[in-house]
Every structure is written in structure tokens, then in C-alpha cells.
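Please read the structure below before turning to the comments.
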Number of protein chains: 2
Amino acid sequence: METTATRTADTCAGPPQGDRRPDGQDMYTISEVVALTGLSAHTLRWYERIGLMPHIDRSHTGQRRYRNRDLDWLALVGKLRLTGMPVADMVRYAELVRAGDHTYAERFALLKATREDVLARIAELQGTLAVLDRKIDFYADAGRALASERSR
Amino acid sequence: METTATRTADTCAGPPQGDRRPDGQDMYTISEVVALTGLSAHTLRWYERIGLMPHIDRSHTGQRRYRNRDLDWLALVGKLRLTGMPVADMVRYAELVRAGDHTYAERFALLKATREDVLARIAELQGTLAVLDRKIDFYADAGRALASERSR
DNA sequence: TAGGACCTTGGAGTGCGCTCCAAGCAAGCG
DNA sequence: CGCTTGCTTGGAGCGCACTCCAAGGTCCTA
């Protein structure tokens, strides 16, 4: 029952990602994808040129027709982008997916390394938050001191 | 007792930041600052050119001599950089500091806004972490499925 | 006093991630 | 039919944050 699911590991690991998209016959023009993802059409075409996207279907006149799995992929790319992962690394991951099932181990390792990066970045930000909070407290105190000085 | 401290709010809000630096007569060449901060000398000079640094003292022959307060400032800049704050925004903050005490309110607001940004970014990263974890679980399961398939 | 490490400057160059442009094709509408 | 809107392409351009270069001055040690 789940052996075929290995083929779609990088587009639907788990339930279908939640985002709205009227299932039935799923096909989206580039401008629809722009509306759904917030990316620009330029960026979508650029992602394709650099090998970050899987093959995108075309209409009989050559226009792009995105599918739900492409949107799922873009959602993942968006998440990875938030982590600061370089586009080149995402392209590497995309290449592994295209290369087939024998790259599972490498993809798995890449995901786990990325997870560690994200944890480290969260820790960094919490350190920064602490500094910021100290400074904010200081400013609040200084503000009160100035106020009481003025009223003296 | 604390009224003079308002003058140093942006270099030593709280205890002296912990980082090692042999107090006494504090003076550092640019290469010492490179060693202490991990920034390049190019970057340090560039920060100065764009107005991100306060005035840096010079030796009688014109070489930079950094002081502890400059290192504290660089530590703050480093933290803010981690949050993804654009350099231009940090320059703005530096200008407020140079402008004097009457910019307290604006600096305070800027710090609080930055704090909110950091919180939002942490939340984003935690969302990404959740996606990553789902994917990692999926890959782990798929790996086990493939293994048991091979052994069948 | 010589040599080498280190410092100075303005300006040019780099890498990344888009962002835009020009020229042209295709579909829908009055 | 013309008009508008939307899509196509390769390639050029942009903003950011550095990064480096060339040409020269300074510091230290012997």
C-alpha cells in the first residue's frame, strides 16, 4: 500500500500540505502560481532555468501548466529558503530527487543536516533576542530616569 | 548615579558583554579586532565608510585604534546581522546614536520592532523545522520499507 | 639601516538572488 | 480586424554585502 508512496516522497510526505487548490484536474497557469505562492513569474521561470524545479508540463501552445505536486515542491522550497539555505543547495537536492530512488540515503542526510542548521539558527536568534531584551530593558529604565529628571 | 550611563546605552547596556579583552588601556589594531570579531579588515573599514561605526580613534600616524566600546558595538552589529537586519537599518540606528539623547524614543521603538522581527523569524524557523521533521520521518519510514522489501 | 609585516586609501570586482527588458506569439472580445 | 491581456525566450541589469586591488606609508626587529 505504501510502496508507491516512495515515488512521491518529495511532493507529498504526509497529508496534501493544506494549501488551497481545487483538486479535480489540477492545472495552474504561471499567474495562478504567482497568486498562490507569492513568488514572481520571473522567479518561477528562473527556478526552472537553474534546475530547481522538476519538469513542468506545457499546454499545446507551450505555456507552463503547473500541477499540485509542483506547488508542493514550491512550498518546500519556500520553507528551505526561510532557513537561509543557498539556492545552489536546493538545486542539489532537486537533482537528487530527479536522479531516482538510489539517492534516498543522501537526501535523508541532507535533510538531517538542514534540520541541525535550523536548530542552530534558532539558538542564534534566541541569543540575539536575549541581547535585544537586555537593551530594551535598559532603554525603558533610561527613559524612566530621564522622565523623572525632567519632572524634578 | 545612573544619569551618566544614558550616554553609553549603546555600548554597555548591562555588564561589559563578557568577551575577552584585556582592560587597562584598551586599544586594538585592526588585525586584533579581526581576530576578536571574525570580521575581515576590509569589512571593518567598509563598516566605517558607510557610517555603521562611531568615530574610531587613530594613532598619531593615522592607524585605527579600536576601543572596548567599539568592540561592544561590533558585537551588537554581529547579533543584528544574524537576524537578517539590512545594514542600512543598522546605519540608521548608528545615526540615531550619534544624533544624541533626543533620539531615545526612536531607538527604543526600533529595538522593539526588531525584537518582534526576531520572534517572527523564530516562529518561521519552527514551522520549517516541523516540515523538515515530517519529511525526515517519512524518509526514515521509506528507508525501512525499502530495506524490508529488499530482504523479502 | 634594511627587510618584512602591517597599515592606509579610493575604487573596482564578485556572488547571490532575483528583476527586468525587448521582441514576439497566442487567445478572447467587439 | 484590431486591441488587450497574458505568456514565451535569452540575456542584461540590479541591490546587497562584502571582497579585493594597487600603490604607497608605517612599525618593529636586528
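Here is the naming used below: chain letters follow the sequence lines, and residue numbers restart at 1 for every chain.
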Just the table, please: protein N/O against nucleotides 24-29 of chain C N/O, every pair under 3.5 Å.
none

Between the protein and nucleotides 20-23 of chain D, list the N/O to N/O atom pairs that are separated by less than 3.5 angstrom.
none

Polar atom pairs between nucleotides 2-5 of chain D and protein, under 3.5 Å, N or O only, would you list them?
none

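Closest approach of B/Ala41 to B/Val34, counting heavy atoms only: N-CG2, 3.4 Å. In terms of heavy atoms, B/Val91 sits closest to B/Gly51 at CG1-O, 4.0 Å.
Between A/Val97 and A/Arg107 there is a side-chain heavy-atom pair separated by less than 4.5 Å. At least one side-chain heavy atom of B/Leu111 sits under 4.5 Å from a side-chain heavy atom of B/Tyr93. A 4.5 Å side-chain heavy-atom check between B/Tyr47 and B/Leu39 finds at least one atom pair inside the cut-off. Side-chain contact check for A/Met53 versus A/Leu74: some heavy-atom pair is nearer than 4.5 Å. In this structure, the side chains of A/Leu36 and A/Tyr66 stay at 4.5 Å or more apart for every pair of heavy atoms.
Residue A/Trp46 has its side chain nearest to C/dG17 when only D/dC7, D/dC18, C/dG17 are considered. Nearest nucleotide to the side chain of B/Ile30, out of C/dT9, C/dC7, C/dC18: C/dC7.
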- Whenever both distances are under 3.5 Å in a Watson-Crick or G-U wobble pair, mark it; put DNA chain C into dot-bracket that way, with [ ] for crossing pairs and | when the partner is on another strand. ||||||||||||||||||||||||||||||
Anything under 3.5 Å between a donor and an acceptor, one on a side chain of residues 124-132 of chain A, the other on a protein residue two or more places apart or in another chain? List them.
from, atom 1, to, atom 2, distance (Å)
A/Thr128, OG1, A/Glu124, O, 3.1

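A sub-4.0 Å separation between OP1 or OP2 of D/dC7 and a side-chain N or O of A/Ser31 is present.
For the pair B/Ile50 CD1 and D/dA17 C1', the computed distance is 8 Å after rounding to whole Å. Atom P of nucleotide D/dG25 and atom CZ of B/Arg64 are separated by 17 Å, given to the nearest angstrom. Put simply, CG on A/Leu44 is 12 Å from P on D/dT9, counting in whole angstrom units. In this entry the distance linking CD of B/Glu48 with P of D/dA17 reads 18 Å, nearest Å. A/Glu32 places its CD atom 13 Å from the C1' atom of D/dC7, with the value rounded to the nearest Å.
In terms of modelled atom types and a separation under 3.5 Å, the side chain of B/Asp26 and the main chain of B/Asn68 share a donor-acceptor contact.
Looking at residues two or more places apart in sequence or on another chain, you find a side chain to side chain donor-acceptor pair (under 3.5 Å) between B/Asp57 and B/Arg67. In this view, B/Arg92 and B/Glu95, B/Leu96, B/Glu106, B/Leu110 satisfy the side chain to side chain contact (heavy atoms under 4.5 Å, CB included) rule, not counting sequence neighbours. Under the side chain to side chain donor-acceptor pair (under 3.5 Å) criterion, B/Asp141 pairs with B/Arg144, not counting sequence neighbours. With sequence neighbours excluded, the residues satisfying side chain to side chain donor-acceptor pair (under 3.5 Å) with B/Arg64 are B/Glu48. Not counting sequence neighbours, the partners of A/Ser59 by the side chain to side chain contact (heavy atoms under 4.5 Å, CB included) test are A/Thr61, A/Gln63, A/Arg65.
Map A/Thr43 and B/Gly62 each onto its nearest nucleotide of DNA chain C; the residue landing nearer the 5' end is B/Gly62. Comparing A/Arg58 and B/Tyr47 along DNA chain D, the residue whose closest nucleotide (by nearest heavy atom) sits nearer the 5' end is A/Arg58.
DNA chain D lies under 4.0 Å from no heavy atom of any residue of residues 78-89 of chain A.
For the side-chain hydrogen bond (donor to acceptor under 3.5 Å, both in side chains) condition, the pairs that include at least one residue of residues 108-118 of chain A, sequence neighbours left out, are A/Arg115-B/Asp133.
Ring-plane geometry between B/Tyr139 and A/Tyr104 is classed as tilted, the angle between the planes lying from 30 to 60 degrees on a 0 to 90 degree scale.
Here A/Thr29 lies in heavy-atom contact (under 4.0 Å) with sugar-phosphate atoms only.
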